[in-house]
Every structure is written in C-alpha cells, then in structure tokens.
Amino acid sequence: MESQHSSENRYQAIYATVRRIPAGFVATYGQVARLAGLKGCARQIGYALSALTDKSAVPWHRVINAQGRISPRSGGSPADMIQRLRLEEEGVCFDERGRIPLDRFQWHPVPNTVCPDKN
DNA sequence: AACCTGACGACGC
DNA sequence: GGCGTCGCCAGGT
C-alpha cells in the first residue's frame, strides 16, 4: 500500500487525527504525528495546523506540546491566547504557570486492548 | 543544490 | 524541573 507521499495527503492525515480529539482533552504534537502515521515528524504537525484558518472544523487548539504547554508562535500571534481561551471553555484547566496537567487532560485514543479479562 | 527556519521532542546537565 | 543542544522532517529562499 502506498504510504502517503504527497504532502496534501499527509496534511489530511494530520487533520483527520486532530479532528478525533474530543472536546475537553488535548494531544501533543508528537502524539498526533504518531497517530497520523508520521512518527518523528512532530514539527510537521504545527506546520500543517498553521495552514488552517478559523473556519476550519479542525480543533487545532487541542494540540499542545509535550510539556503540556501551548507552543508560543513566533511573531507574538494572538493565536496563543485564543487557544488558551478555547481550551478553558472546553473545561481544560491550566496551571499557575500556564501548564496543562497531561495526566488529566491528555486524550487516550482507544484504550485498546484490554479486554479486561473476561475470563 | 545549500542553507535557514519552524505551533517539536528526547537527552543531558 | 528549568535550560541548552542536538536530532528530525518538510518548505521556502
């Protein structure tokens, strides 16, 4: 099977993944990359999301970095603030230092496995 | 073709 | 746990 080679296809894979993140939860760039089949390309995630607009149905604000923080855009874009506001609206809490406890809000797609012993 | 940049991440100190 | 470096990949100049 052709793995996605075209950049457009790759972007779509990223958007599709981000779209799966439910409100009230967040995912890291690296996590999204991995779920989209682009493991190791965490930087490309932010790149793809930056191409989005406000009209997009992709919940880009639910993607944060591995530190549980909103990655500061260059140029002091107001997007940072918007992202925080949107997350708070969805019930995601921030630390005094502007950090989100991933332990509580990170999205866990399909716990997979487990069929807890039905023995 | 080479080099720089970017919404990242893992490591080491 | 904060901070600096190096590694990664794709795009743009």
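Every chain is numbered from 1, with letters handed out A, B, ... down the list of sequences.
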Sidechain-backbone polar pair: [X] side chain, [Y] backbone, donor-acceptor under 3.5 Å:
X: A/S56; Y: A/T53; answer: no
X: A/Q31; Y: A/T28; answer: yes
X: A/N9; Y: A/Q12; answer: no

Return the value, rounded to whole Å, for the distance between atom [atom1] of [X] and atom [atom2] of [N].
X: A/K39; N: B/dG9; atom1: NZ; atom2: C1'; answer: 12 Å
X: A/M81; N: B/dA7; atom1: CE; atom2: P; answer: 18 Å
X: A/Y15; N: B/dA7; atom1: OH; atom2: P; answer: 14 Å
X: A/Y47; N: B/dT5; atom1: OH; atom2: P; answer: 13 Å
X: A/Q67; N: B/dA7; atom1: CD; atom2: C1'; answer: 12 Å
X: A/I45; N: B/dC8; atom1: CD1; atom2: P; answer: 11 Å

Using a heavy-atom cut-off of under 4.0 Å over every strand shown, decide if [X] touches base, sugar-phosphate, or nothing.
X: A/T28; result: sugar-phosphate
X: A/Y29; result: base
X: A/R97; result: sugar-phosphate

Collect all protein-nucleotide pairs involving nucleotides 10-13 of chain B in which both atoms are nitrogen or oxygen and the distance is under 3.5 Å.
none

For a quick test of reading the model: is some side-chain N or O of A/S50 closer than 4.0 Å to OP1 or OP2 of B/dA7? no
Separation of [Y] [atom2] from [X] [atom1] (nearest 0.5 Å):
X: A/I82; Y: A/S77; atom1: CD1; atom2: OG; result: 7.0 Å
X: A/I21; Y: A/H61; atom1: CD1; atom2: NE2; result: 9.0 Å
X: A/C93; Y: A/R99; atom1: SG; atom2: CZ; result: 14.0 Å
X: A/Q106; Y: A/F25; atom1: CD; atom2: CZ; result: 10.5 Å

If you walk 5' to 3' along DNA chain C, what is the first nucleotide with an atom under 4.0 Å of a heavy atom in chain A, and what is the last? C/dG2 to C/dG11
How far apart are the closest heavy atoms of A/V92 and A/F105, and which atoms are they? CA-CE2, 3.9 Å
Please name the pair of heavy atoms, one in A/I70 and one in A/R73, separated by the smallest distance, quoted to 0.1 Å. CG2-NH1, 3.5 Å
Within a strict 4.5 Å, meaning less than it, do heavy atoms of the A/E88 and A/F94 side chains meet? yes
Salt-bridge contact A/R86-A/E90 (side-chain N to carboxylate O under 4.0 Å): no
Expected output check: what is the dot-bracket annotation of DNA chain B, where ( ) and [ ] are pairs inside the strand (brackets for crossing ones), | is paired with another strand, and pairs are Watson-Crick or G-U under 3.5 Å? .|||||.||||||
For DNA chain C, whose closest nucleotide is more 5', that of A/R43 or that of A/R99? A/R99
